[in-house]
Student: 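I'd like to ask you about the structure that follows.
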Amino acid sequence: MLTKTSFQGKLTKTDNLFIPFIVAGDPSSEFTIQFALRLQEEGADVLELGVPYSDPLADGPTIQRAAQRALRAGMSLRKAIELVPELRRKGLTIPVVIFTYYNPVIQIGHEEFFQLLEENSVEGLLIPDLPFEESGEIRQQAEQKNIEFISLIAPNSDQRIKQIAEHAKGFLYCVSSLGVTGERKDMAPEALSFIKKVKQYSQVPVAVGFGISSNEHVKLVRSHADGVIIGSKIIRLVEAEIENIANGKADEALDHFTIGVRELVK
Amino acid sequence: MLTKTSFQGKLTKTDNLFIPFIVAGDPSSEFTIQFALRLQEEGADVLELGVPYSDPLADGPTIQRAAQRALRAGMSLRKAIELVPELRRKGLTIPVVIFTYYNPVIQIGHEEFFQLLEENSVEGLLIPDLPFEESGEIRQQAEQKNIEFISLIAPNSDQRIKQIAEHAKGFLYCVSSLGVTGERKDMAPEALSFIKKVKQYSQVPVAVGFGISSNEHVKLVRSHADGVIIGSKIIRLVEAEIENIANGKADEALDHFTIGVRELVK
Amino acid sequence: MLQAFPDLKGRYGDFGGKYVPETLMGPLQELEAALDKMMTDPDFIEEYHHVLKEYAGRPTSLTYADKLTDHFKGAKIYLKREDLNHTGAHKLNNAIGQALLAKRMGKEKIIAETGAGQHGVASATVAAKFGLQCIVFMGEEDIRRQELNVFRMKLLGAEVVSVSSGNGTLKDATNEAIRYWVANCEDHFYLIGSVVGPHPYPRMVRDFQRIIGDESKRQFLEVEKELPERIFACVGGGSNAMGMFYPFLEDRSELIGVEAAGKGIDTPEHAATLSKGTPGVIHGSMTYLMQDENGQITEPYSISAGLDYPGIGPEHAHLFQTEQVRYEAVTDREALDALKLLTQKEGIIPAIESAHALAQAFKEVPFMNKNETILINLSGRGDKDMATLMEHFQEEV
Amino acid sequence: MLQAFPDLKGRYGDFGGKYVPETLMGPLQELEAALDKMMTDPDFIEEYHHVLKEYAGRPTSLTYADKLTDHFKGAKIYLKREDLNHTGAHKLNNAIGQALLAKRMGKEKIIAETGAGQHGVASATVAAKFGLQCIVFMGEEDIRRQELNVFRMKLLGAEVVSVSSGNGTLKDATNEAIRYWVANCEDHFYLIGSVVGPHPYPRMVRDFQRIIGDESKRQFLEVEKELPERIFACVGGGSNAMGMFYPFLEDRSELIGVEAAGKGIDTPEHAATLSKGTPGVIHGSMTYLMQDENGQITEPYSISAGLDYPGIGPEHAHLFQTEQVRYEAVTDREALDALKLLTQKEGIIPAIESAHALAQAFKEVPFMNKNETILINLSGRGDKDMATLMEHFQEEV
Ligand SMILES: Cc1ncc(COP(=O)(O)O)c(C=O)c1O
Ligand SMILES: Cc1ncc(COP(=O)(O)O)c(C=O)c1O
């Protein structure tokens, strides 16, 4: 790590990160761009750009619905990657992480896939169904192309926590339904010790995701981790505007969205 | 057989016998009497008075239907036996054979059953599901009461033909779908040799029944056996008049019936 | 004693015999002669056992029902698994035996009666397997209720004849099968489905079903070293019970036959022939049956089509009269509850017929000691009963 | 060689592996450790074999199909009778193994996915038998089509969760089961129904199904003294085939896996994964699957719900690639015809899945010699398919 990757170059800070997730093509490429820009305006530090997939094993119903909408709109892995330069042209400056399941990658082929990522100046890559043990080749290729391969880590990763954390690039994605839901005012002790342990080994910011859906959650996570990743809740804010968008009320939709995001991360 | 039984006393001849079968109570006791008298008028030598039964194993659909009508009309073994004196009072002089399945007899009990037969001066008894081997006791009781127990015999009775024929009382009922149906102009050779064999052993008239339904059949049988038993065909003649009877056209019904019988046995 | 009944006239004490039209006496004698010959022919016996093993899947398991045992905290409960037999019930044992016999007798056509269709399916199955033609008589009402089994028989290549006489149920189908046999006995073999009918049927069916009891005895001794205190089996015509009980008749095990009490033996809707019937003749045999005061056979009722028969095998009548077997009756509701309990405790959905045996056992087992054992004959699987069960359990599950 | 695959990373050559969310890596390692321990624990192995024998009815028969053999006048045809297994298919072997493992791991809740409901019923069955809680995920479309099996699972005490994502079929039910496991892996055991999913599932399911091949080999040698020339099995996920083939992999017998060609492999409506699919990742495993040019998994089609799966076990992908097994595809119509022929010649109504194996065998057997032999794995019985068969055969029978 002698040279800074472009991901690191574009990341303006390393704590208190806000990392939203949206699905490319939901409900259309045009609106994906608009939503991304609004997120940047509201302080997003990294954009996770999800590629819709027919069988998203790691996702709940909200993201599944978003993927269905995007697939119907004709989105694909290739098109999602090609959307990144568009985003740049429209003013997105924060680093972009392509979030895709592994199967579409296989179909393009590793080589062509990385070429595409490189040509389109994608800064990061996250493949939720490619755990550490299966990702050796991809991690190596990513490193060669100076693309950050984001690793996930879970409370039950156990002995592997050290290994994963030490190899982490970009930021570390802590998967966690860490007892932050519901009425609880602080995190469960296991969750806290998990984050502490991860931070101990990690060279990169530690962000926590999964199930974060209110301003209380956000605040709680921020007080212990370096960043917060918000997926389903953001998608639900998008989903709430589908009707407005369909009715041509684009500005209203985007403004509503902005208010929702602001409320969430204030 | 020192004394003549009353069956023998009432039988006016021993060949060219016409033995019709009707079901007691089909469609009512009153009409059973009327049909019986008409049959006597048309030359019946013996009356087989069938007792309706829920599960008549040896009977085809026509007699099953007749039994159903009679059961609906409330007929029973006891009532059928008690119908005999009525028949006498109305002028029936030919011997009467009560035709009943064994189960109703069991329910009354052998002793009471024979007492009933005796009290009501029944001349004969036929139980189609009581073959030679099972009928020892009944045959003995019948003999004591001077009632003729009619035996059945079939082409496949084989070695038992001699035994059955030698013990026969009243007349011998040859069960036979002896190839007389359809276009055939004479009996099948097996049928002829069967009748010949039976006659060789029998001390009583040999009558043939089962499936005799036209004047041609009747003639054919008469030319080889001592008598003809007609069941289903007679019942069909009754059945054809059910509507007339229901509509109160009794005389018309009985006259039709007479014509039918006359046509059959001419 | 095992050889004592029936006697040469086909009698079990006061019961049994051949109460049939004269036309059937010849065929019954022919059958008896062939049977006597075959049952002592090692070749035939070996073929029968070979087919049972390699085709039907015998021996069927003896399953220790540990969770049921824990549930009742009484005697240890074992199940004889006739539900694992090919086509799903004990019926096939007998159908195989008779079909092999028919072949040896040179008969290429078999006749069978059926109620719910289990014996019809078993007959159609062996007909297909052994290359025989098969005609199944079935009441028109039963055909309507058992559409799936009718289709199954047809798919197996059998002809299904609808019987509309009487009430169009099993009793009438049996009458019609016998009538058809009377008219076609020359080249047809009548394959009766239970230990009923004229001699030698009750004996023959028992002898083809005793494999259940023979296996059980061997298996039970292997596991428990001694025989069960009590043995339960449901009784329709009585073949699974007879097959189970027969080899145990001289042993110390108490034998319990369970009839169908339908909506209750004090209602008119039941099929508890021994509990409520009286002696008489049905389908060629002297036995107990359900009848009115004039000796007309009445229509039985049970939720379980296989127990819905107004008669019972003559050997059962004898065992009842001589008190060698205890007979009890179990209602529809009790059987359904037992079925559900077995399903949820052991993962076995039994036939509703078999559930009658279970229900009676479940009444008794809590009062037995933990060092005692019982054996229940699980005569068949419940797949055939799914429509009925859905109707009754829809709201509960 | 039998020990060679999978390697320590769960790979069969290019295939297999663990392509799962990080959350599942822990549970999979836990499972692998428990499995490795148990598969070498004589106690566990004995318990598994004990349950197979005394509960499931094993060994299942090896049946010589004499009439079919006569019909084709080619090689001698033998059938391995998994249809005689409790609950009617090979699925139970695996469910028993995994349920016993779950118990040993101290997991009291099991999760299962199901398409037609066979694996769901097997899972609900073992859950009842071993006192586990059971949640079955099933596509809402499949729930509609398989009402009877849904009821059966509920009667067995299982909870059936309707899955409306995707097309509401097996693939989606599997996704949902995995998602549920991700969220509840602490105390839940995921009981996969075929040789699919992430390592160690394909190996585990194979090892719990190899009883089919092990028994077959022993039985076949007993009767024929040598091994069959060819062995046929249908392939959905591939568990019955893998279970049958595995013990024969090093022998001279030719192994033939039969996929569902649906309405024809040149139409879009089929489930012929190896014949027409391409490599990729599905349900945690690198294997062949059916997908579009963007790597989106496509919906398969087969008349047989158990073969209607867009992936295939990774070991099959490997055996295909290395040409150790020949894979063929058979259409709906061919399978139905084969089903009817078996039914009418042998009195066995097979599952439509199994009929695919039959159909391929019937294509080849007439060209084989009379002194050759073949073995067909009859993976299940056709009772579950009666409604489908009635629809297709109503006019023919
Ligand atoms: C599963 C099962 N058990 C029992 C019976 C009753 O017959 P039996 O009393 O002859 O055993 C039947 C009849 O169809 C049946 O299918
Ligand atoms: C009878 C039967 N055979 C085959 C299969 C296909 O599964 P597999 O390929 O895993 O054996 C199924 C699946 O439900 C089945 O029920």
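As the structure is a computational prediction, the values presented were derived from the model and not from experiment. Reckoned from all heavy atoms, side chains included, excluding hydrogens, waters and symmetry mates.
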Student: Please name all residues satisfying ring pair (Phe, Tyr, Trp, His ring centres under 6.0 Å) with D:Phe72, sequence neighbours left out, ordered by chain then number.
Tutor: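 Counting only residues at least two positions away or on another chain, D:Phe72 forms a ring pair (Phe, Tyr, Trp, His ring centres under 6.0 Å) with D:Phe362.
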Student: In residues 87-104 of chain D, which residues are in contact with chain C at a heavy-atom separation under 4.5 Å?
Tutor: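 Residues in range: none.
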Student: Please identify, among D:Asn85, D:Asp83, D:Ile349, the residue contributing the most non-hydrogen atom pairs under 4.5 Å to chain C.
Tutor: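 The residue among D:Asn85, D:Asp83, D:Ile349 with the greatest pair count is D:Ile349.
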Student: Between C:Ala56 and chain D, which part of the residue has a heavy atom less than 4.5 Å away: side chain, backbone, both or neither?
Tutor: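 Answer is backbone: N, CA, C or O of C:Ala56 sit under 4.5 Å from chain D.
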Student: For C:Glu54, I'd like to know if atom CD has over 12 heavy atoms of other residues, nucleotides or ligands within 6.0 Å.
Tutor: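 Enclosed.
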Student: Do C:Thr343 side-chain atoms and D:Leu156 backbone N/O form a donor-acceptor pair below 3.5 Å?
Tutor: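 Side chain of C:Thr343 to backbone of D:Leu156, a donor-acceptor pair under 3.5 Å: no, none is there.
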Student: Pull out the residues in residues 146-154 of chain D that come under 4.5 Å of chain C, heavy atom to heavy atom, sorted by number.
Tutor: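 Heavy-atom contacts from residues 146-154 of chain D to chain C are D:Glu147, D:Leu148, D:Phe151, D:Arg152, D:Lys154.
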Student: Do you know the tightest heavy-atom contact between D:Ala128 and C:Gln344?
Tutor: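 Taking every non-hydrogen atom into account, CB-O, 3.4 Å.
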Student: Select one option (side chain, backbone, both, neither) describing which atoms of D:Ile348 are under 4.5 Å from chain C's heavy atoms.
Tutor: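 It is both, since atoms from each part get that close.
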Student: Could you work out, with side-chain hydrogen bond (donor to acceptor under 3.5 Å, both in side chains) as the rule, every residue matching C:Glu334, not counting sequence neighbours?
Tutor: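 Once residues adjacent in sequence are excluded, the partners of C:Glu334 under the side-chain hydrogen bond (donor to acceptor under 3.5 Å, both in side chains) criterion are C:Thr331, C:Lys363.
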Student: Tell me, side chain or backbone of C:Asp66 under 4.5 Å from chain D's heavy atoms, or both, or neither?
Tutor: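 Answer is both: backbone and side chain atoms of C:Asp66 are under 4.5 Å from chain D.
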Student: Taking the side chain as C-beta and beyond, is there a heavy-atom pair between C:Leu155 and D:Lys340 under 4.5 Å?
Tutor: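 Result yes, sub-4.5 Å side-chain heavy-atom pair found.
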Student: More than 12 heavy atoms of other residues, nucleotides or ligands under 6.0 Å from CD of D:Glu108: is that the case?
Tutor: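 No, because the 6.0 Å sphere around CD of D:Glu108 holds 12 heavy atoms or fewer from other groups.
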Student: How long is the span from the NE2 atom in C:His86 to the OG1 atom in D:Thr63, to the nearest 0.5 Å?
Tutor: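 Taking NE2 in C:His86 and OG1 in D:Thr63, the distance rounds to 8.0 Å.
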Student: Taking C-beta and beyond as the side chain, do C:Met386 and D:Asp383 meet within less than 4.5 Å on heavy atoms?
Tutor: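 No; the side chains remain at least 4.5 Å from each other.
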Student: Restricting to non-hydrogen atoms, name the atom on D:Gly57 and the atom on C:Ser61 that form the minimum distance, rounded to 0.1 Å.
Tutor: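 Nearest heavy atoms, D:Gly57 then C:Ser61: CA-OG, 3.1 Å.
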Student: Could you look at D:Leu68 and say if it's the side chain, the backbone, both or neither that has a heavy atom under 4.5 Å from chain C?
Tutor: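 Neither; nothing under 4.5 Å.
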Student: Go through D:Lys345, D:Arg58, D:Gln394 and name the one with the most non-hydrogen pairs under 4.5 angstrom from chain C.
Tutor: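 Going by pairs under 4.5 Å, I would pick D:Lys345.
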Student: Against chain C, label D:Ala158 side chain, backbone, both or neither, depending on which of its atoms sit under 4.5 Å from a heavy atom there.
Tutor: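 It is neither, since no heavy atom gets under 4.5 Å.
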